[in-house]
Amino acid sequence: MSLAEQLGQATSGHHNKNFVLPLTEPAARLAGRDAGTTVTVRIRREEALPVVIRTWADEAEILDAIQGVLPHVPQCLYKGDSFAIHSYVEGVPLSKVCSNGKPVDTMIIRALAGLLAQMTQVRSGVLPDLPSDWPGNHTDSQAFLRALALMADRQIRQPNWAAFGGLFAALGIPEDAMLRFAERVPVLSRRPFSLLHADLHRDNLIMSYAGDPPLICVDWELATYGDPLHDLATHLVRMQYPSYQWDEVIDAWAAAMRRVRPAAVKGLTRDLQYYLDFERAQSVYPDVMRAAQSLQNSPDQKTLDEAKVKVAWALTAAAGPLRLGSVPDAREIERILFRWLAARNDGRGPIAEIGKWSWDPRFPKHPDFPHTAVDEALRAEGAAPASRVLKGTGHLNTIVHVPGIHFPVVVRRKVPNVDRRERGFLSEHAVLRTIEESKAMVAAPRFLALGTSYQGEPFAIHTYEGSPTRINRPATPFRACCRTKPTRSSINCAHLLR
């Protein structure tokens with residue numbers, strides 16, 4: 001591996017580091033090829049986030065199974081513990097000739113459609129064993145799409161929730177978003193299952209120098225077995241065709257499929273949208289996490305601007321399929337990313353620090369919550385787990401613990417661009433401070449601090465009024481008052497704060 005990294009030509013992807021180089025004598029004996037033969041050494045990225053659905057763990061088994069039908073795909077010549085040696089495919093990636101967003105030549109589109117149709121000829125019996133929870137009926141498209149959604153939750157969301165759940169919650173993506181998507185999958189037309197590449201984009205398509213065949217698929221590690229419409233949907237989204245080419249691609253796919261597997265086209269017009277919805281829904285997880293990780297690796301303003309755009313695009317695409325309701329605007333996304341980064345970067349963001357906030361002069365400092373406690377609360381906000389980040393229609397509430405403070409507090413921020421259904425007559429902060437100073441027997445949070453943080457965003461800090469062992473939702477004064485026996489004070493308080 002070290003020799004490949006030193007001497008090979010690097011062509012790295014998200015999941016593997018790939019190095020192209022000639023075989024040395026010792027490596028040639030392992031691979032069963034002549035010394036000097038050009039090969040590709042694939043080294044799994046151990047640091048890569050688990051952001052993809054995997055049906056099979058061993059790419060070598062997939063490549064062995066498809067050689068009879070797709071003889072030009074790479075062969076696995078040797079498999080080690082953390083690397084593999086593949087035969088080298090002569091050619092140039094389509095992405096080098098025709099980059100994302102540019103129209104693809106009609107002849108290439110037809111060749112692509114032919115490849116997707118050819119995959120249906122791989123017999124299921126030669127493929128690796130499917131997982132035990134795979135749909136037993138290999139024409140049940142509804143069960144297959146549900147299985148995909150459940151695998152996305154199990155293989156992508158769950159392993160990353162501890163690290164990124166708070167970020168997703170702040171962005172408005174609930175923990176059960178994919179499970180609810182699975183529940184909503186409607187009855188689909190039945191189509192015969194087949195081998196699917198499931199990651200067919202411009203980097204994974206090699207234009208051969210010889211031109212026969214014109215295109216060769218590489219990177220089969222995400223291959224699966226199921227409804228062919230899933231492959232078409234992932235291809236349409238990940239190839240980033242201009243929108244006006246979509247109909248051409250769909251028509252070419254349908255024509256190619258009718259020649260070899262006519263039943264695969266059944267229900268195409270109606271059902272394709274459900275697979276497109278799934279692709280956009282599950283993509284929000286890798287897109288957001290990769291954007292956040294890039295910011296952590298390179299915490300500068302340029303990277304923050306790029307991450308903000310990527311997150312906004314992913315949220316907009318997933319909003320309909322996941323029924324997110326409202327999507328935060330670019331300014332709110334930047335603030336959320338800033339807090340997430342600063343919590344992991346010693347309180348520092350690209351051009352500002354968590355500690356650079358301003359106290360609202362209208363309210364004196366609370367004796368139980370000094371300036372340093374506010375610093376710690378704001379720093380803890382971006383690191384809070386999803387269970388303590390509660391986003392409502394009007395406020396984002398984050399429950400945190402501050403060192404030296406014996407009670408939990410809530411960092412409370414208004415969600416921007418929200419039209420209030422009811423008019424507020426009094427400042428919530430003034431009412432809470434008045435209740436505390438009056439010493440009235442009202443169970444309401446204590447108002448601790450009010451100020452502005454990054455980009456002048458207002459924030460407030462209240463005590464958390466709820467179960468000390470089970471944190472669900474922070475109690476607003478209205479909810480808190482309702483937990484006590486109604487009194488004239490509590491009724492008036494609830495009325496004022498509605």
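The chain is numbered in sequence order, starting from 1.
- In this structure, V89 and P74 approach most closely via the heavy-atom pair CG2-CG, 3.7 Å.
- For the 3.5 Å distance criterion, the side chains of D227 and Y275 qualify, holding a donor opposite an acceptor.
- Aromatic ring pairs are classed by plane angle as parallel below 30°, tilted from 30° to 60° and perpendicular above 60°; the pair F168 and W161 is parallel.
- Ion pairing of E457 with R331 is absent here, as no side-chain N (NZ or NE/NH1/NH2) approaches a carboxylate O to less than 4.0 Å.
- Between R202 and K102, the closest heavy-atom pair is NH2-O, 3.0 Å.
- Judged by distance alone, with hydrogens and angles left aside, the side-chain atoms of T398 form no donor-acceptor pair with the main-chain N or O of E381 at under 3.5 Å.
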Determine all donor-acceptor pairs shorter than 3.5 Å in which one atom belongs to a side chain in residues 121-137; sequence neighbours excluded.
unit_1, atom_1, unit_2, atom_2, d
D133, OD2, R154, NH2, 3.2
W134, NE1, Y225, O, 3.0
N137, OD1, T139, N, 2.9
N137, OD1, T139, OG1, 2.7

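- In the model, Y464 has no side-chain atom that pairs as donor or acceptor with a side-chain atom of H401 under 3.5 Å.
- Contact record, T393 with V415: O-CB, 4.2 Å, taken as the closest heavy-atom pair.
- Heavy atoms from other residues, nucleotides or ligands lying under 6.0 Å from CZ of R110 number 12 at most.
- Remark: the S453 side chain and the R413 side chain contain an N/O donor-acceptor pair separated by less than 3.5 Å.
- No hydrogens or angles considered: nothing links the side chains of S194 and T120 as a donor-acceptor pair under 3.5 Å.
- Contact of the L268 side chain with the M257 side chain is not registered, since no non-hydrogen atoms from C-beta on lie closer than 4.5 Å.
- In summary, E306 and K302 engage in a salt bridge, as defined by a charged side-chain N under 4.0 Å from a carboxylate O.
- A donor and an acceptor atom, one from each side chain of R191 and H230, are nowhere located under 3.5 Å apart.
- In summary, the side chains of D277 and Q273 do present a donor paired with an acceptor at a separation below 3.5 Å, with no hydrogens or angles considered.
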